[in-house]
Amino acid sequence: MTRVRLLLIGPPGVGKGTQAGIISRKFGIPQIATGDMLRQEVKNASDLGTKAKAYMDRGELVPDSLVISMLEQRLQGKDAGKGFILDGFPRTVAQADALEIKFRELGIDRFLVIEFKVNEESIITRLSARRVCSKCGKIYNMLTEPPLKDGLCNECGSSLYQRDDDKETTIRERFKVYNSKTAPLTEYYANKGLLKTVRADGSIESINSDVTAIIEKAFHG
Ligand code: AP5
């Protein structure tokens with residue numbers, strides 16, 4: 001069976017993390033989310049976390065040099081050998097170029113890029129309603145999928161928190177950054193014949209069945 005290697009691209013709040021979590025469980029491959037990795041570095045008050053925090057709080061991208069080396073190290077992890085989902089990387093052409101070199105070095109010649117598309121205003125509502133479990137990372141939408149017990153995760157019972165960058169002004173800045181720096185990647189990957197696009201404004205389940213069909217066809221067909 002071919003290893004599933006996916007890159008998920010899409011604006012903030014489009015549902016990359018939600019879908020990556022489901023695919024990760026379904027296909028038994030790790031979800032490698034650079035945003036989560038950076039938030040962990042901030043929490044640990046590491047050198048990288050201290051440098052990254054100011055960019056993240058403003059809704060800007062963390063400099064390529066910092067993110068690329070963090071991701072390259074993560075790809076060397078043993079679990080990534082069985083396949084992976086990159087959630088939120090690459091986000092610039094420089095990151096995509098670096099990834100291509102790293103893939104060549106690791107002997108990876110087959111992967112797919114899935115772009116999620118949705119309308120911007122519906123995302124502002126979604127992100128303002130997002131809460132995340134402080135322990136297991138499960139994502140909630142307080143409007144459509146609230147937890148069973150107020151403020152507590154259904155899976156592990158830990159408390160939920162709101163991300164610092166989920167404020168309307170920061171969300172709008174993240175959108176601007178996405179449109180100028182990350183959106184060009186869709187053409188970059190389309191030109192290489194690696195891009196699939198999924199409309200991401202339906203239910204989580206219907207989006208997931210579209211994504212699963214794409215994966216099955218590309219890797220197991
Ligand atoms: P990151 O954490 O990657 O944030 P993002 O790309 O802005 O994406 P989000 O995590 O906000 O959204 P998502 O698409 O995962 O949506 P989710 O599934 O949570 O990055 C944060 C910051 O880190 C960046 O701004 C940057 O500073 C830095 N960074 C990270 N990677 C970097 C890189 N490579 N280079 C440089 N800097 C980097 O869903 C959102 C909400 O919607 C949830 O509440 C969810 O429950 C709900 N939802 C999901 N799907 C649906 C649906 N179908 N219907 C209704 N609600 C839904």
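In what follows, every heavy atom counts, from backbone to side chain, and hydrogens, waters and symmetry copies are set aside. Start at 1 and go down the list; that is how both ligands and their atoms are numbered.
- Contacts between L61 and ligand 1 below 4.0 angstrom, taking non-hydrogen atoms only, involve backbone and side chain alike.
- Proximity of R174 to ligand 1, defined as any heavy-atom pair under 4.0 Å, is confined to the side chain (atoms from C-beta onward).
- Atoms of ligand 1 lying under 4.0 Å from any heavy atom of Q95, numbered from 1 in the order shown and given with element: 33 (C), 34 (N), 35 (N), 36 (C).
- For the pair R58 and Y55, the cation-pi test (distance below 6.0 Å, angle within 45°) is passed.
- The residue among I171, D57, L38 with a heavy atom at the shortest distance from atom 28 (C) of ligand 1 is L38.
- When only modelled atom types and interatomic distance are considered, D47 and T50 share no side-chain donor-acceptor pair under 3.5 Å.
- Under 4.0 angstrom from ligand 1, the non-hydrogen atoms of D165 all belong to its side chain.
- If you number the atoms of ligand 1 from 1 as listed, the ones under 4.0 Å from a heavy atom of F89 come out as 34 (N).
- Residue-level proximity to ligand 1 for Y178 is absent, since no heavy atom of it falls below 4.0 angstrom.
- If you look at I207 next to ligand 1, the close heavy atoms, those under 4.0 Å, all belong to the side chain.
- In this structure, of R91, R58, R39, Q19, the residue bringing a heavy atom nearest to atom 33 (C) of ligand 1 is R91.
- Distances below 4.0 Å separate heavy atoms of I139 from the following atoms of ligand 1: 18 (O), 19 (O), 43 (C), 44 (O), 45 (C), 46 (O).
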